[in-house]
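Below you'll find the structure, written out as structure tokens, and then a few comments.
Computation of the quantities below employed the complete heavy-atom set of this structure, encompassing side-chain atoms and omitting hydrogens, waters and symmetry-equivalent molecules.
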Amino acid sequence: MPTGDASDDAKAERPREAVYRVLASIPEGCLASYGQVAELAGLPKQARQVGRMLSLLPRDTRLPWYRVVNASGKISFPAGSPGYQRQLEYLLDEGSAEASGRLRWRECRWRP
DNA sequence: GTCCTGACGAGCG
DNA sequence: CCGCTCGCCAGGA
């Protein structure tokens with residue numbers, strides 16, 4: 001076999017799994033930034049990749065995607081959009097946000 | 001192959 | 001605090 005592309009497939013799925021793992025490890029009541037998740041997943045400087053993966057998650061996923069916000073400490077959906085509303089709901093539920101929509105940032109360190 | 005887009009982030013004025 | 005630019009990288013047209 002002239003090429004070792006079989007390992008490429010496995011390689012392509014590694015980042016995805018790593019992100020899911022980190023995502024699932026975010027403690028309830030905490031918030032993490034895309035960049036933080038990317039770094040913990042071994043993908044430094046690739047916050048956008050994390051965002052893209054989250055956008056591909058099925059609606060019925062059990063992963064706490066809503067605990068991920070941007071580095072400004074805000075929801076990365078346009079205010080008022082469906083995604084924004086949904087995420088805000090979850091965060092209100094966990095006490096990570098106020099009714100006004102303002103998020104309560106907490107410096108959370110955890111072990112993935 | 002190139003060009004544009006995107007649930008981002010840091011830097012600068 | 002706001003808006004703009006550039007860097008990063010995967011996907012789709």
Side-chain angles (χ1 to χ4, degrees):
Chain A
M1 60 274 245
T3 67
D5 38 30
S7 60
D8 281 351
D9 274 355
K11 228 174 188 179
E13 276 185 45
R14 211 162 26 170
R16 205 174 59 192
E17 303 258 334
V19 170
Y20 290 156
R21 188 172 160 63
V22 172
L23 196 55
S25 74
I26 302 175
E28 181 176 333
C30 288
L31 297 177
S33 71
Y34 294 86
Q36 193 174 2
V37 172
E39 200 162 289
L40 288 173
L43 304 170
K45 309 289 186 177
Q46 294 187 56
R48 301 186 86 152
Q49 255 44 315
V50 173
R52 196 168 59 78
M53 286 196 200
L54 296 196
S55 74
L56 297 174
L57 286 174
R59 305 176 76 71
D60 58 6
T61 181
R62 307 197 274 78
L63 294 172
W65 56 269
Y66 45 83
R67 290 179 191 149
V68 184
V69 298
N70 60 40
S72 303
K74 294 179 182 176
I75 291 175
S76 274
F77 281 112
S81 67
Y84 180 92
Q85 294 278 356
R86 201 167 294 115
Q87 184 166 13
L88 182 56
E89 282 288 309
Y90 281 115
L91 295 183
L92 283 171
D93 241 16
E94 296 189 346
S96 293
E98 300 174 17
S100 64
R102 178 181 172 118
L103 304 186
R104 290 191 73 187
W105 181 262
R106 302 189 171 195
E107 251 191 288
C108 283
R109 274 189 241 167
W110 71 98
R111 21 175 175 150

Point to revise | Approximate separation, where rounding is to 0.5 Å, of A/Ile26 CD1 and A/Leu63 CG | key: 9.5 Å
Review point. To the nearest 0.5 Å, how far apart are CD in A/Glu94 and CG in A/Leu31?
Key: 8.5 Å
Practice item. Identify the two heavy atoms, one from A/Pro64 and one from A/Ala24, that lie closest to each other, and give their separation to 0.1 Å. Key: CD-CA, 4.0 Å
Exercise for review: For A/Gln46, report the nucleic acid contact type (base, sugar-phosphate, nothing); a contact means any heavy atom under 4.0 Å.
Suggested key: sugar-phosphate
Review point. Per the atom types in the model, does the base of B/dG6 pair as donor or acceptor with the side chain of A/Arg52 at under 3.5 Å?
Key: no
Study note, to complete from the structure: From the list A/Ile75, A/Leu88, A/Leu91, side chain to side chain contact (heavy atoms under 4.5 Å, CB included) partner of A/Tyr66 resolves to A/Leu91
Point to revise | Spatial distance of atom CE (A/Met53) from atom CG (A/Leu57) [nearest 0.5 Å] | key: 9.5 Å
**Study point:** Distance (rounded to the nearest 0.5 Å) between A/Lys74 NZ and A/Gln87 CD
**Key:** 13.5 Å
Point to revise | Interatomic distance, A/Gln46 atom CD to A/Glu39 atom CD [nearest 0.5 angstrom] | key: 11.5 Å
**Study point:** A/Gln49 CD to B/dG6 C1', straight-line distance once rounded to whole Å
**Key:** 10 Å
Check your understanding: Looking at DNA chain B, which of residues 65-83 of chain A put a heavy atom within less than 4.0 Å of it?
Key -> A/Trp65, A/Asn70, A/Ala71, A/Ser76, A/Phe77
Check your understanding: Once you round to the nearest 0.5 Å, how far does SG of A/Cys30 lie from CZ of A/Arg67?
Key -> 8.0 Å
Study note, to complete from the structure: To the nearest angstrom, the CG-P distance between A/Leu91 and B/dA7 comes to 18 Å
Point to revise | Within 6.0 angstrom of A/Glu89 CD, more than 12 heavy atoms from elsewhere | key: no
Practice item. May I have the distance from A/Tyr90 (atom OH) to B/dA7 (atom P), rounded to whole angstrom? Key: 19 Å
Check your understanding: Considering only heavy atoms from C-beta outward, does the side chain of A/Leu40 approach that of A/Trp110 to under 4.5 Å?
Key -> yes
Review point. Quick one: are A/Leu54 and A/Leu23 in side-chain contact, heavy atoms under 4.5 Å?
Key: yes
**Study point:** Nucleotide interval of DNA chain C bounded by contacts with chain A (heavy-atom cut-off, under 4.0 Å)
**Key:** C/dG7 to C/dG11
Point to revise | Residue-level proximity of residues 19-43 of chain A to DNA chain B when a heavy atom falls under 4.0 Å | key: A/Ser33, A/Tyr34, A/Gly35
